[in-house]
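Scroll down for the structure; my scribbles are underneath it.
For the single chain, residues carry numbers from 1 onward in sequence order.
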Amino acid sequence: MANLGSVNGRPSVFSLVGLCVLAGILVAGTVAPAAIGAGLLSNQVSDSVDTISAQLAAADPPLTTTVTDRDGTPIATLYAQYRLPATSAGIATTMKAAIIAVEDRRFYSEGGVDLQGTLRAALNDSTGGALQGASTISQQFVKNYLINVVDRTDPVAQQADREDSLARKLREAKMAVQLNATTSKDDILADYLDVVEFSGTVYGVGAAAKAYFGTTADKLTVPQAALLAGMVNNPSVYNPYTHAGKALQRRNLVIDDMVTNGSIPASYAATAKAAPLGLLPNGPVTPSATCMGAAPDAGFFCAYAESYLVHAGFTADQLATGGYTVKTTLDPRVSQVTKDAVDANVPTTQDGVANTFAVVQPGSTGHQVLAMVANRDYGTDPAQGETSTDIVADASNEFGAGSSFKIFTSAAALVTGKAGLETPLPNPDSQCFPVPDSHASCYTVHNDGHYADPISLADGLATSPNVAFVGLESQVGMPAVLDMAYKLGLRNTLATNDAGATPNPASSNPQYSQPQSKYFQNLLSFTLGNSPVSPLEMANVSATLMSGGVWCPPDPILSVTDRNGNAVPVARQACEQVIPTGVANTLEAGLSKDTTEGTSAQAAHAAGWTRPDIGKTGTTQQSESVAFVGGVDGYAVSSMVFADGSHPREICPGTPVHLGDCGHGAFGGTVAAPPYFHAMSQLLAGVPDQPIPGPDPAYLQARN
């Protein structure tokens, strides 16, 4: 606290004179400590005002970011402070009159500082009393802007902004005078009403009008305006939802002040005070501040878009306060149709069973994500089938995608020349394969059923024998297979550990200390798909093949614009030609028999599916996870059904799909493929078939 030059606890004559001089200087718009008297102002006042003024000019108030689908329809909002900006012309005269009547009756006549009030507060402070109010609207604007905008993430600075001291008061006073010298009264008033808190996350009169009354700032009635104006003094104490009596009393006081100030006739006051609070029920009513407020078919997509932007260089705080418009690639029709398909397959609240579905649009210059849905909804209530994990984007399917990983072994074999599409692969019913750099004598693999021996790579892709592909993997080598999995799309997946989490180097267990890209270097089980995987990345693997071997990141963003409508650049990874087009076409040809004569043919027939497409099913050993990965006519898809509860068990087919002890359990073709047929049949109704590329002759036979 500043030393006011007191004598025996009482202010000296010189101090009182100094205070009068101070007030005059404030009104004149300058503060010169030397002219006031030694000790009257602390150095912090003169040293900090210019810095803080610059911060005020540079900091924009937090605004709500709107996330939309590709058509521009909002799907979610992100915010730290719910604020709907309102200009002076967009604020009702009733609101302006109410706030002036209760907070600063001389607002339009004073120069930013209330001379009488400042002297009264300073004198009271100099005698040891509590610092009194006397703040003008201009001063309150400065204080609120510091607390709610400039210092909103700095608790220490916010405490200084609220400090009960003369130094803080004088600092605000000088800035208020500066503000009045450069800004019109109408704009100061509008800016003040735009920045103040009305309780919780509601900031500014635009948001308050919407949240409390379901109206806009330009349509506020006298009782509504008086209620909001009364709250500004103490939003918690006068919150009408939690303290209705105090809020009503305060509202009526403001109405009386409006009469005293000549804003409304006395004859109207009784009518206004007799009006009910007129609040929206169960409020204040605000939109969700996160992607969990998105529609059931858009929550996981929104979460992925937010994460994508953070990885592109935006901070979470920027997204919550920047007032951006984020237009995503979400296709509302594709999203709703696929959501309906997975819900029909596995109900949202089905205990312990999740069904994810991702759709990516192939392309040589970009892979736009069209839909990311699940039978689960994005939220925090497990009893309602909600999960707070992005189970579509993350490597959250801890049981894996099963034999769909044979795509990576096949691609690596084609690229290295170890096998071609027509190459016969040894395929006994079981075999024990040597494991390099391992204490185990060998890795034993069994086929689930009887297959041709040998079997061509093409027929193997359709019927999925384990022995043939583990043998091929052993021949190609794990480094080449893992590298292929990375190239085709499992980039984030392979960076996680074998529990789907961030590797912990401190762990003594290599399953948890290493990324999958290292952990599986000598584990031939990789091609059987028993490791955590991202459903979205598996859909993007199909997109890479359907794009002629061009990998692009699964991109959920069309554009970002700032609060002023200016385009904001988004850093994106460049697309890469990861395998020759001939290899991609050949592998597509090899995958084209799954729905006609392979593991999903029976389900395709039952669904009346006849379109040329690519597909690969997967089933883990205990049927705790099943998958269908494929694509058709410009849609690259993954559908995965997996146990997601705390007590995972075998997944059983049926209506609905469920957990149980059903003997042989579910398969990718019987449980994961049907949602694909269901959704794609609707989306492609009336659309001509698009043929699958034929194989490149160079990749039909082994070359070494």
Side-chain angles (χ1 to χ4, degrees), residues 354 356 358 389-412 433 435-438 440 443-446 448 464 466 469-470 472-474 476-505 507 509-542 544 616-629 638-644 648 650-651 665-668 672:
T356 61
T389 299
D390 191 343
I391 60 174
V392 189
D394 298 343
S396 54
N397 180 354
E398 61 178 293
F399 301 109
S403 292
S404 61
F405 269 35
K406 292 169 183 174
I407 292 173
F408 308 125
T409 300
S410 301
F433 295 94
V435 180
D437 301 325
S438 173
Y443 173 55
T444 302
V445 181
H446 302 274
D448 188 7
S464 205
N466 293 334
F469 280 93
V470 172
L472 183 60
E473 182 183 46
S474 178
V476 172
M478 287 307 305
V481 173
L482 288 165
D483 180 60
M484 182 58 64
Y486 176 87
K487 286 179 176 178
L488 292 181
L490 296 194
R491 307 202 172 194
N492 293 331
T493 290
L494 289 174
T496 67
N497 63 22
D498 195 38
T502 301
N504 177 14
S507 174
N509 189 334
Q511 186 176 5
Y512 305 115
S513 64
Q514 301 175 348
Q516 292 188 50
S517 58
K518 183 176 181 181
Y519 177 69
F520 281 100
Q521 284 292 328
N522 294 312
L523 296 180
L524 296 174
S525 60
F526 181 77
T527 197
L528 302 182
N530 61 357
S531 55
V533 65
S534 160
L536 173 63
E537 287 195 321
M538 284 303 292
N540 200 43
V541 168
S542 290
T544 300
K616 183 71 193 77
T617 61
T619 304
T620 58
Q621 188 171 5
Q622 303 299 325
S623 289
E624 291 170 327
S625 178
V626 296
F628 178 88
V629 177
S638 79
S639 172
M640 297 189 186
V641 181
F642 54 93
D644 71 339
E650 184 178 37
I651 295 173
F667 291 96

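- With a 4.5 Å cut-off on side-chain heavy atoms, Pro535 and Ile391 do not count as touching.
- To the nearest 0.5 angstrom, Leu523 atom CG is 9.5 Å from Glu473 atom CD.
- Between Leu536 and Ala358 the shortest heavy-atom distance is CA-CB, 3.9 Å.
- Of the residues listed (Asn492, Leu488, Asp394), the one engaging Glu537 in a side-chain contact (heavy atoms from CB on, under 4.5 Å) is Asn492, and it is the only one.
- When all heavy atoms of Glu624 and Pro648 are compared, the closest pair comes out as OE2-O, 3.9 Å.
- Phe405 and Thr527 get closest at one heavy-atom pair: CB-O, 3.5 Å.
- The only member of Asp498, Thr493, Asn497, Thr496 that meets side-chain hydrogen bond (donor to acceptor under 3.5 Å, both in side chains) when paired with Gln516 is Thr496.
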Show, in sequence, the C-alpha distance, side-chain angles and deciding distance for Asp390 and Ser396, and conclude whether the side chain to side chain contact (heavy atoms under 4.5 Å, CB included) test is met.
CA-CA 8 Å; Asp390 191 343; Ser396 54; over 6 Å; no
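- Residues Lys616 and Ser542 have side chains that never bring a donor and an acceptor to within less than 3.5 angstrom of each other.
- A donor-acceptor contact closer than 3.5 angstrom links the side chains of Ser625 and Asn397.
- When atom types are taken as modelled, the side chain of Ser474 and the backbone of Val470 share no donor-acceptor pair closer than 3.5 angstrom.
- Side chains of Val541 and Phe408 form a contact here, defined as non-hydrogen atoms less than 4.5 Å apart.
- With contacts defined as side-chain heavy-atom distances shorter than 4.5 Å, the pair Met538/Leu490 qualifies.
- Annotation for Phe433: atom CZ counts as buried by contact number, over 12 foreign heavy atoms lying within 6.0 Å.
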Evaluate Gln621 against Asp448 for side chain to side chain contact (heavy atoms under 4.5 Å, CB included), listing each step before the verdict.
CA-CA 10 Å; Gln621 188 171 5; Asp448 188 7; over 6 Å; no
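- Counting heavy atoms from C-beta on, the side chains of Phe520 and Ser525 come closer than 4.5 Å.
- In plain terms, the two heavy atoms of Ala643 and Phe399 that are nearest each other are O-CE1, 3.2 Å.
- In terms of heavy-atom proximity, Ser623 sits nearest to Ala666 at OG-O, 3.1 Å.
- The backbone N or O of Asn504 lies less than 3.5 Å from no partner atom in the side chain of Ser507, so there is not a single donor-acceptor pair.
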Verdict with reasoning, Ser464 to Phe469, per side chain to side chain contact (heavy atoms under 4.5 Å, CB included)
CA-CA 8 Å; Ser464 205; Phe469 280 93; 5.6 Å; no
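- Shortest non-hydrogen contact noted between Phe526 and Met478 is CB-CE, 3.7 Å.
- Between Val476 and Met484, every side-chain heavy-atom pair lies at or beyond the 4.5 Å cut-off.
- The environment of Gln521 atom CD is dense: over 12 non-hydrogen atoms of other residues, nucleotides or ligands sit within 6.0 angstrom.
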